[in-house]
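Bear in mind that the values here come from a model prediction, so they are computed numbers and not experimental data. Atoms within each ligand, like the ligands themselves, are counted from 1 in listed order.
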Amino acid sequence: MHIKTESIPWIIIGSYFLFGSVWILLSDTILYHFSSDFLANKQIGLYKGWFFILLTCLFLYFLLKHLLYKNEVMENQLLESEERYRRLVESSPYAICLLENDEITYTNRTGLQMVGVDSIQDLYVNRQSLIANSEDTERFKGLLSKIHAQEDPSSKTIEYQLLRSNNEIIDVESTLIPIMFNHKATTIIQTRDITERKKAVKELWEAKQLIQAIISASPIATLALDMESNIRLWNPAAEKIFGWKSEEVIGKKSPIVPVEEKDITIPEIIEYGHIVNKEVKRMRKDGTIVYTALFTAPIQDENGQINGIMAAFMDITDKKKTEDALLKTEKLSAVGQLAASVAHEIRNPLTSVKGFIQLLSSDNDFADKTPFLSIMLSEIDRMDSIIKDLLVLAKPQAEHFTFFNVNTLLSYVMQLLSTQASLYNISFITDFTEHHESLYGEENQLKQVFINLIKNAMEAMPDGGVLRLKTIVKDNSINVIIIDEGVGIPEHKLKTLGEPFYTTKEEGTGLGLLSSFKIIENHQGKIDFTSTVGIGTTVTVCFPIERKT
Ligand code: ADP
Ligand code: MG
């Protein structure tokens with residue numbers, strides 16, 4: 001049975017009263033029952049009184065002793081528990097303080113250290129408030145009244161800046177807990193320093209911004225893929241090189257692997273580790289192929305598990321082109337050297353053979369052989385023209401550069417080829433520039449170039465057609481454009497043009513374009529072919545304009 005503390009005095013007094021009354025009544029009744037001697041009874045009554053006092057003294061003694069002991073035990077327990085809580089609060093890494101009536105009445109050691117003072121009395125030395133700025137003060141006050149409001153008396157957390165005693169400002173986070181203490185509304189404030197956390201978050205954010213800026217500004221197409229090959233990142237360079245906008249590809253499978261190429265799978269990449277500078281073909285949005293150098297690196301999650309791949313593609317199409325051009329130049333110079341030796345060896349004997357045949361044709365004894373002799377002569381002329389082509393390749397001839405009008409030159413070439421043109425049912429249409437800009441160069445060599453190009457165009461139109469010749473002056477250059485309606489050139493063959501001995505004709509030499517390219521190059525010019533099979537070919541030759549000074 002549990003007895004309430006406040007009823008104990010009543011119980012003791014009640015028991016004492018009850019026991020005393022019973023004692024008096026009972027002892028007196030017994031006494032008067034056995035004796036009627038008044039004096040003797042008075043004497044015994046005195047002893048009985050003394051005895052009662054003795055008894056109650058003993059009773060009081062043990063009762064008080066017991067109560068005092070109990071009190072001491074309780075006091076000890078209270079002290080112990082208070083000490084435990086005090087230590088808990090004192091050793092807390094949080095600053096813990098009590099706020100009563102806008103005044104801090106208690107703070108633990110961490111709280112003092114946080115502010116940078118030695119005692120609670122110094123908290124407000126040199127400053128009005130511990131909160132660094134007025135907006136934070138207003139927010140703090142607002143929150144205080146809110147947590148003590150009847151409708152929502154729960155604890156709340158607030159971030160603000162705290163002013164330390166050395167005027168340093170730190171970022172802190174406080175949890176305000178409303179309690180009733182001595183019938184007064186009091187707040188426990190638990191505060192921790194979050195400056196480091198804020199700094200780390202800021203540094204992380206800055207690092208992220210930096211990486212984002214680097215990836216955005218990088219000229220290298222950079223993408224991140226997850227383990228299912230879905231695109232997670234697609235930078236502006238990737239947009240530029242491959243043509244897809246980032247919003248078109250994010251979250252989808254990579255569209256850049258051409259159908260004929262085998263894609264490198266994520267497990268393969270993980271197995272190889274890093275891929276460095278691997279040449280791969282990739283596809284643009286318009287379907288064209290782009291040559292790239294691939295670099296990869298794995299992306300890890302916080303447990304060190306690979307959860308994606310970073311892939312960087314460097315556009316090396318230009319490099320590839322340069323390499324191809326270099327290869328061609330090497331071939332060219334080899335052919336040039338060969339041509340030089342062969343051409344010289346053949347030209348001289350050929351000249352004498354030609355002379356003798358001419359001699360024979362004028363001899364009447366050989367009159368019946370005239371058709372054969374003229375065939376021999378024309379064949380020798382053909383051989384001579386091949387040698388002329390070869391000699392262009394064979395190192396510098398005496399070059400004689402002059403200024404001349406390109407329209408006049410083309411008209412001359414057209415006249416030269418007019419017989420052949422009408423034979424094949426080909427008509428020329430010209431569209432010449434009105435400008436009177438001059439070309440500066442070796443006129444005979446350039447004549448040769450245009451003869452080669454126009455002949456090729458005519459040879460591409462065995463059933464006749466229209467051959468357009470245009471000259472345009474633009475951006476400090478003269479462009480000559482030759483458009484035919486011939487058989488055209490398949491795209492994969494365009495690269496082959498100008499390679500020694502590449503010909504598709506039975507009678508062809510495969511040297512015409514080679515020597516033309518060489519001449520154009522010597523004139524700092526450029527040549528470009530566009531062609532559609534069955535529709536025709538457009539050849540554009542472009543020379544820089546050199547002005548007479
Ligand atoms: P050849 O005329 O002796 O064949 P070229 O060097 O002049 O040698 O030309 C090489 C090849 O380029 C030709 O055989 C032909 O297949 C192709 N070619 C050049 N120009 C044209 C053109 N205008 N149309 C179609 N094919 C062309
Ligand atoms: Mg030719």
note = the protein heavy atom lying closest to atom 10 (C) of ligand 1 turns out to be Tyr502 O, 3.2 Å
Nearest option to atom 26 (N) of ligand 1, as decided by whichever heavy atom of Val539, Thr537, Ile489 sits closest = Ile489
query = For atom 2 (O) of ligand 1, what's the nearest protein heavy atom and its distance?
reply = Lys505 NZ, 2.8 Å
task = Assess the side chains of Lys253 and Asn230: does a donor N or O sit below 3.5 Å from an acceptor N or O?
result = yes
query = Under 3.5 Å, side chain of Asp484 to main-chain N/O of Thr537, donor-acceptor pair present?
reply = yes
request  = Among all protein heavy atoms, pick out the one at the shortest distance from atom 12 (O) of ligand 1; state its residue, atom name and that distance to 0.1 Å.
outcome  = Leu497 CD2, 3.4 Å
query = Between Arg139 and Glu135, is there a salt bridge with N-O shorter than 4.0 Å?
reply = no
query = Given Ile489, which of Thr530, Leu497, Val533 fulfils the side chain to side chain contact (heavy atoms under 4.5 Å, CB included) condition?
reply = Leu497
request  = May I ask you to decide if the ring planes of Phe242 and Phe313 are parallel, tilted or perpendicular, using 30° and 60° as cut-offs?
outcome  = perpendicular
task = Enumerate the atoms of ligand 1 whose separation from the nearest heavy atom of Leu513 is less than 4.0 angstrom.
result = 5 (P), 6 (O), 7 (O), 9 (O), 12 (O), 19 (C)
ask   = So is Gly510 polar-close to ligand 1, meaning N/O to N/O under 3.5 Å?
value = yes
remark   = shortest atom 14 (O) of ligand 1-to-protein heavy-atom contact is with Thr504 N, 2.8 Å
task = Would you indicate which of Ala457, Ala460, Ser515, Pro490 comes nearest to atom 24 (N) of ligand 1 when only heavy atoms are counted?
result = Ala460
key: Nearest protein heavy atom with distance in Å, relative to atom 3 (O) of ligand 1   = Thr509 N, 2.8 Å
ask   = Which ligand 1 atoms are under 4.0 Å away from a heavy-atom of Asp484?
value = 22 (C), 23 (N), 24 (N)
task = Over 60° means perpendicular and under 30° means parallel, so classify the ring planes of His523 and Phe401, tilted if in between.
result = parallel
query = Under the criterion side chain to side chain contact (heavy atoms under 4.5 Å, CB included), which of Leu453, Ile429, Thr430, Val413 is the partner of Leu469?
reply = Thr430
key: Polar side-chain atom of Thr195 near backbone of Asp193 as donor-acceptor pair, under 3.5 Å   = no
ask   = In the protein, which heavy atom is nearest to atom 4 (O) of ligand 1, and how far is it?
value = Thr503 OG1, 2.5 Å
key: atom 20 (N) of ligand 1: the protein heavy-atom neighbour that sits closest, reported with distance to 0.1 Å   = Asn456 CB, 3.3 Å
query = Will you find, in the side chains of Thr471 and Asn407, an N or O donor that is under 3.5 Å from an N or O acceptor?
reply = yes
ask   = Does Asn456 bring an N, O or S atom to under 2.8 Å of the Mg ion (ligand 2)?
value = yes
